[in-house]
Every structure is written in C-alpha cells, then in structure tokens.
There are 2 protein chains.
Amino acid sequence: MELIIQNIEKIVSLSEQEKELILSKIEIRKYKAKTVLLNDGEVSKYSYFVNSGILRSFNINDNIAEHVLHFACEGWWIGDMYSLLSQKPGNLFIEVNEEAEVVLLSKENQEELYLRIPKLERFFRILTENSLVAHQERLMDNLSLSAEERFEKFCSKYPTLIQRVPQKQIASYIGVTPEFFSKMKAKMLKK
Amino acid sequence: MELIIQNIEKIVSLSEQEKELILSKIEIRKYKAKTVLLNDGEVSKYSYFVNSGILRSFNINDNIAEHVLHFACEGWWIGDMYSLLSQKPGNLFIEVNEEAEVVLLSKENQEELYLRIPKLERFFRILTENSLVAHQERLMDNLSLSAEERFEKFCSKYPTLIQRVPQKQIASYIGVTPEFFSKMKAKMLKK
DNA sequence: AAGAGCACTTAACCTAGATTAAGAAATTAT
DNA sequence: ATAATTTCTTAATCTAGGTTAAGTGCTCTT
C-alpha cells in the first residue's frame, strides 16, 4: 500500500475512491543521489513526499555558506513553501542526499484535490500546524541553547539521520561550521 | 465591523449567518499592560486575535533570559501553538505589552467552527502556511545573517513596532543581549 | 516630589564559535 | 587500482557577541 496514503490516513480517513483519486493526481519518480529537484531562483511547482531515501532543502548565502533548512526521509514531506505558495522565485535548493523514491504533488493538483476531497484541507492544515510547531521550537532552541545542546537535541530527535547524512550537513543544520562541529564532537566524546 | 471578520474575509468569503456564528463563538476582552494571558507550564485554551494594543509571546530560559518568539499587534493572531494543539503544558508566556483588546477563540469553539463552516479549515490552513513561511525565513536569517542585518530586516518588516516596544525586547527577538544591542545601535547611527 | 524600580548606555574583559590553513581519511570517478 | 574530489580533523588565530559592572535616565508609584 502506498506510503503517502498511509501518511494521510494517520490524520483523516479516506474512501477507496478518494484514495484512487489521490493516486491519480501524483507522480512517483526515482532519483540518484545529488540530483537537484529545485534550484535557487526557480518557482516551485511541487510538494515532495519521500517514499525512500533522503532529500534536503538548503539555501546558499553569498555563494559561500550552505544552510540546511530541512532533511526529509521516508514518510516525510518537503518543499519550498515560500515559493510554492507565492509562486515567486524561491531561494531554496532541494537536493537528493541519498538515492530516493519521491512522490510529486503539483500545486494545481493539490488545489484540485482540496476542492474534490475537502478533508484534505484538514490534513494539510494539521501537517502545516505540526511543522510550524517544530519550526518554532527550533527557532527558540537557536536563540537559547548552545551548539552542544542543539546537537544533543538533534541526535535524540533524528537518531537515524546521524549515520546517514554527512556531518557537515548536520553542522549546518544546527548552525555551526564543520570545523567547529568536528572539534565539539571530539570534546563531547571525551566525556 | 469586527476586525476578525475582515481578517477572515481576506482569505475566504462568509455569509451573514456564518459571520454571526463566528461572532457567537468568540469572546472579546480588554487587558491592561503587563497582564499575563498565558503562563509557562499551563495548557493553552485559546487562540488570540488582537483588535488593538500589542501582545507578545516568549519563553524564559533557566529563569534568566527571556526570548521573544512573537509580537502581535492590531490584526495579528498569536498563541502557543504547541500547547494549544497538543493540550500539554507549554513553555511560552503570552503577555500584554501595551493595553489591548483581544479576541479569544477557544480550542473547542474553533473545532466546532471547523465542522460547521468547513471553509475555516482553509482559512486556518492558509494562515498557518503563511506563518510557517515567516518562521522558516526567520530561522534561515538567524543561521546566515549578522545581528546588524537581522535588525535591519526587523525594521523594514515591522516599522511600527520599533517605537512601540522596549528595545530589550527587540534585542531578544533578533537574538542578542540588550547590552550588545545598545552598542550595535550606537555604531549603526554613526554611519 | 522622593524614592523605587526599570530601561538604556558605556566600557572593560571574556568566550563560543568563526576563519584560515594544512594534512589525513574516505568517497567517487576513471 | 589509481587519481581526483570531497569530507573530516587538528590547531593557531581572530572576532562577534556575551558578561559583568557601574552609572544615567525614565516612569511609575505613593
């Protein structure tokens, strides 16, 4: 059974026809690692749902530093919300971190689904609410915790990611340089 | 005409009956400056919409540092999303910054309204989406901009707030100490 | 109007984390 | 396999922003 249907049914229940309608409105694609799904400066057309593998979203500051906004592995949604909603060029990249199977839901299809299956409004409202809560927490953590504490939180929240993504991307996610991260990790191991 | 109805009608249109139903489900209260609407450790019952005045949400770290999550003035929503959604004790305070008239919408009434006026699902979905985009941008700004740049962005985004809230709260919002903020401001004025 | 608290400033000193640079280890491509 | 590229580590040095502390002005009280 499609993972995306299970994901939706965690929040709203669906009839067989509704499931089929949803499945008819999505595309499933496979990508190799390092494939770029969305470039900085492009207008985003899709929401992405990860069936397998890992994607990440990030921006690049002054052509120098990369800042990871989000990782998404199996069962997670990812996208450039700003660009998708405003239909203006965004400043996020979305890239395949690890060979992935991805469900693509276009903005038009998403809106058509809202009209034909109104309870999907509820599903995406709740999904967005949960994401907002997570972002608020991360924001407050960045204001009030040390790098070490942020890393510990990251580890307990995303234990599976630690082994699967390059350490410099974790450094970027928690907001430190790879060099400092390496030093910090060595220091933490001594304890 | 009630500001909250105008606010909703910016996104979805309402019949007269729907407007009346909404108005029957809200409470309007006036508060003096420094009134605490929600305490750290409490379970949040309400979403708040500001008719006039200013509210702010913040947490307190180790009984020492206050970190401002959000300001809300006329026409803005504010709340402790985490606590409201999970119905668990939150870690935010919500306090009146400046004498305010506030619309209170209880969680139960909000859910009843979702059932009786399904397009409110759409309204709150879009409201939450916009809030998420703003939080993502602020998060990325905190990772990639200097304190000075964050302050400039704050000024251009919330020009009216600058005169109306204590400077130490702006310092907290952008993520620096009041002492550093003061020094930085003096330096910026020299230019 | 006198005092008590806050909010702001200034300045000296301190530190978490950044930067630069160079080498070691691990991946990836050929 | 070997070369090329990328990731990770270590270490020296630097800096944005924190801390502490003292002083100045507010704005509430009463």
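Lettering of chains follows the sequences in order, A, B, ..., and the numbering in each one begins at 1.
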Q: Quick one: label Lys34(B) by what it contacts on the DNA or RNA (base, sugar-phosphate, nothing), any heavy atom closer than 4.0 Å.
A: nothing

Q) Are more than 12 heavy atoms from other residues, nucleotides or ligands located less than 6.0 Å from atom NZ of Lys168(B)? A) no

Q. Do Ser83(B) and Glu42(B) have a side chain donor and acceptor closer than 3.5 Å?
A. no

Q: Could you check if a side-chain atom of Trp77(B) sits within less than 4.5 angstrom of a side-chain atom of Tyr48(B), using non-hydrogen atoms only?
A: no

**Q.** Outermost DNA chain C nucleotides near chain A [under 4.0 Å, heavy atoms]
**A.** dG17(C) to dA21(C)

(Q) Using a 6.0 Å distance limit plus a 45 degree cone around the ring axis, check whether Arg125(A) lies over the aromatic ring of Tyr114(B). (A) yes

Q) In B/S/- notation, 5' to 3', how is nucleotides 15-30 of chain D contacted by protein heavy atoms closer than 4.0 Å? A) --BBBBB---------

Q. If you measure from the Lys or Arg side-chain nitrogens to the Asp or Glu carboxylate oxygens, is any gap between Arg150(A) and Glu148(A) under 4.0 Å?
A. no

Q | Interface residues of residues 163-174 of chain A with DNA chain D (non-hydrogen, below 4.0 angstrom) | A | Pro166(A), Gln167(A), Lys168(A)

Q | Full working for salt bridge (charged side-chain N to carboxylate O under 4.0 Å, His left out) between Glu95(B) and Lys34(B) | A | CA-CA 6 Å; Glu95(B) 204 178 291; Lys34(B) 306 204 177 172; over 6 Å; no

Q) On the ring face of Phe58(B), is Arg56(B) found with NZ or CZ under 6.0 Å from the centre and within 45° of the axis? A) yes

Q.
What I want to check is whether the side chains of Gln169(A) and Asn97(A) have a donor and an acceptor closer together than 3.5 Å.
A. yes

(Q) Check Lys183(A) with Glu179(A), please: is the shortest side-chain N to carboxylate O separation under 4.0 Å? (A) no

Q) Judged by modelled atom types alone, do Lys45(A) and Gln87(A) share a side-chain donor-acceptor pair under 3.5 Å? A) no

